[in-house]
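Just below is one structure, and these are the notes that go with it.
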Number of protein chains: 2
Amino acid sequence: MQTPYYLIDKSRLLPNMEKIAHLRETSGAKALLALKCFATWSVFDMMSEYMDGTTSSSLFEVKLGREKFPGETHAYSVAWAPEEIDEVLASSDKVIFNTAQQLRRFEEVSRGHTRGLRVNPGVSTSGFDLADPARPFSRLGEHSPETIEPVAELISGFMFHNNCENASFKRFDEMLGQIEARFGRLIRRMDWISLGGGIHFTGEGYPLDRLAERLKRFAGENEVQVYLEPGEAAITNSTTLEVTVLDTLFNGKNLAIVDSSIEAHMLDLLIYRESAKMNESGAQEWMICGKSCLAGDIFGEFRFPNALKPGDRLSIEDAAGYTMVKKNWFNGVQMPAIAIRELDGTERLVRAFTYDDFAAALS
Amino acid sequence: MQTPYYLIDKSRLLPNMEKIAHLRETSGAKALLALKCFATWSVFDMMSEYMDGTTSSSLFEVKLGREKFPGETHAYSVAWAPEEIDEVLASSDKVIFNTAQQLRRFEEVSRGHTRGLRVNPGVSTSGFDLADPARPFSRLGEHSPETIEPVAELISGFMFHNNCENASFKRFDEMLGQIEARFGRLIRRMDWISLGGGIHFTGEGYPLDRLAERLKRFAGENEVQVYLEPGEAAITNSTTLEVTVLDTLFNGKNLAIVDSSIEAHMLDLLIYRESAKMNESGAQEWMICGKSCLAGDIFGEFRFPNALKPGDRLSIEDAAGYTMVKKNWFNGVQMPAIAIRELDGTERLVRAFTYDDFAAALS
């Protein structure tokens with residue numbers, strides 16, 4: 001298969017799905033895939049056997065969830081537009097508003113629909129200010145019980161989303177305690193509570209049963225149905241970005257240029273200034289660079305047993321989350337195709353991108 | 001017209017084009033549009049009346065230039081792939097290699113084509129390490145005359161690209177002097193020299209005639225045809241991003257959420273942590289935020305005469321460069337349409353994006 005392409009490996013997706021299913025069974029919580037992280041719908045049939053549906057951050061994600069993922073469709077957006085609200089309601093099981101003002105604005109049109117409100121508990125686990133919903137002046141959700149109280153009778157649930165790449169159960173537990181202390185009285189008036197995504201419960205060594213027990217207790221004590229919205233946790237380590245070395249040079253370091261670009265194909269590496277991951281080792285150190293014009297288009301520095309040369313194939317690990325949903329035509333670099341490795345090992349191409357796609361992205 | 005949309009205003013594009021045409025006439029240099037910055041081909045007919053063609057950073061940009069922009073087509077890429085080189089040659093007037101190794105690799109297949117090499121002079125003007133072609137270990141071009149010498153007979157030109165948002169003629173002049181001091185002997189063996197992009201010569205107060213004189217002198221003394229590759233300089237201040245306020249809230253600051261997102265629609269604001277520009281003033285200060293889930297999706301803080309409210313229309317200024325070419329489907333946020341305001345003031349929509357485009361971007 002011609003590189004570059006994202007390769008989603010179902011046999012590596014499966015362990016995440018099994019952990020999610022186990023958590024559902026033992027905790028009673030429902031699990032919705034967060035489409036903002038991963039929306040490659042060709043594997044939704046498989047994922048829907050283990051998960052309850054999808055949650056969204058826009059009308060288009062609502063529609064994709066409804067159309068492609070069997071189960072429940074939660075509709076959340078930081079702000080709904082008046083021209084889209086009818087379609088949002090028609091395609092969703094629940095609608096979640098970001099502010100009391102949005103709820104009031106669409107109160108009449110959404111009457112009869114299951115409705116919720118995003119609540120910002122003011123605590124979070126993000127290591128990046130950029131991604132921290134509890135940052136100063138955050139626009140993400142209502143902050144105070146006093147603002148929520150007057151609209152509480154219009155809704156049946158809350159969405160909290162304050163975990164972010166949180167691999168610590170202890171920290172999750174602490175923050176949930178803080179949420180109960182501050183919003184418990186309001187929570188107990190609701191039927192359902194979404195605790196959002198960002199909990200890395202499918203990671204190696206995560207105390208899944210303690211999480212299940214905590215969620216079950218939260219649900220029981222507050223008499224609510226709990227929802228989780230895993231994004232990264234659902235697809236972590238399932239996918240590689242397959243690339244080929246096009247050129248090598250030495251300029252103080254060994255450099256290899258591959259047929260991809262972090263800005264175009266793995267944008268978060270650039271935004272968060274992080275290194276890609278590779279399963280390589282050896283005596284030689286090489287800097288793996290993208291082919292865009294950006295001077296800092298660098299996947300990272302990795303070790304290899306031998307010198308790299310044009311034509312060598314490399315696999316960038318953990319390339320599912322926030323990659324395909326953010327890919328773009330920067331520099332006109334060939335957009336990676338999308339391929340799936342089935343459980344029996346066969347690989348099939350599900351989407352390739354052409355020059356016509358590039359030209360049509362502009363006008 | 002339904003927001004969000006990019007609005008390219010030909011009457012604001014025209015002054016840039018006229019300055020470019022003036023510079024061409026007075027300096028003898030040719031001007032090629034850098035498609036990596038701006039590739040919205042619906043205005044290429046107009047631009048091609050003032051410019052000589054396009055330059056590129058990938059096969060797809062080469063093809064777009066050849067297909068849509070009358071004139072010369074320069075083909076440059078940080079690395080060409082063997083499977084694309086035939087098409088690159090078939091669609092270009094010149095091919096420029098990034099390294100001597102790439103030149104050697106494709107020497108046979110490209111024989112007879114006008115060929116060049118990118119040279120990295122090791123000096124630049126970028127304020128951002130990320131965008132600095134002279135950064136340590138840079139992979140962008142060959143650095144030493146000793147490496148270039150053995151392949152000099154295979155090529156007829158060099159491409160230097162070391163200016164980056166450089167508004168200082170003095171600094172440009174200095175660096176060109178350094179280039180001549182280090183590579184002069186090689187330059188004089190060539191027929192053409194591209195000095196790349198990044199020179200903000202269409203900006204207010206730029207000494208255009210001194211630049212013209214310097215370019216003409218460089219061309220004369222070295223007996224070469226000079227090329228410039230303006231990107232931002234060609235389209236600066238020509239375009240706005242038109243958005244609508246969807247919600248407002250107060251959380252320590254006045255916040256307005258609009259129907260766009262910096263990450264999805266003006267990506268460089270996020271990558272370089274810069275503020276958008278707006279032509280507003282007044283007594284009230286508001287933070288303008290995007291509608292994506294990203295906590296830091298913030299256009300900036302601006303002053304307005306009155307409180308903002310849902311339904312208000314806002315114009316984000318200077319939204320042509322590195323925006324449409326990098327837009328993406330993050331969060332499934334509605335991708336801005338592209339519209340053109342003709343010289344007679346009429347506006348026409350040239351491209352709208354739908355749910356089907358979103359779904360087809362994945363698989």
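Just so it is clear: chains get the letters A, B, ... in the order the sequence lines come, proteins before strands, and each one is counted from 1. Quick caveat, the model's predicted, so the values are computed rather than measured. FYI, side chains are in, hydrogens and waters are out, and symmetry mates aren't considered; it's all heavy atoms of this structure.
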Options B:K36, B:E263, B:K68, B:R139, ranked by heavy-atom pairs under 4.5 Å with chain A, top entry: B:R139
Of the listed A:F137, A:Y322, A:Y76, the one with the largest count of heavy-atom pairs under 4.5 Å with chain B is A:F137
Interface check, chain B: of A:V43, A:L35, A:D259, A:L267, most non-hydrogen pairs under 4.5 Å belong to A:L267
Counting only non-hydrogen atoms closer than 4.5 Å, does B:E67 touch chain A with its backbone (N, CA, C, O), its side chain (CB onward), both, or neither? side chain
Could you check whether any side-chain N or O of A:R66 sits under 3.5 Å from a backbone N or O of A:T73, counting only pairs where one atom can act as donor and the other as acceptor? no
Classify the ring geometry between B:W329 and A:F60 as parallel (under 30°), tilted (30 to 60°) or perpendicular (over 60°). tilted
Under 4.5 Å from a heavy atom of chain A, the part of B:L255 involved: side chain
Does a side-chain N-to-carboxylate-O contact under 4.0 Å join B:E84 and A:K291? yes
Residue selection (most heavy-atom pairs with chain B, distance under 4.5 Å) from A:L294, A:V350, A:I340: A:L294
Between A:D357, A:I298, A:T248, who has the most heavy-atom pairs with chain B when the cutoff is under 4.5 Å? A:T248
With a 6.0 Å cut-off on ring centres, are A:F358 and A:F353 close enough? no
Check this for me, if you would: do A:E285 and A:K253 make a salt bridge, where the nitrogen-to-carboxylate-oxygen distance has to be below 4.0 angstrom? no
I need the residue from A:M287, A:Q334, A:H161 with the largest number of non-hydrogen atom pairs under 4.5 Å to chain B. A:Q334
Salt bridge (Lys or Arg N to Asp or Glu O under 4.0 Å) partners for B:K327, two or more places apart: none
Select, from A:C37, A:S57, A:C289, the one with the greatest count of heavy-atom pairs under 4.5 Å involving chain B. A:S57
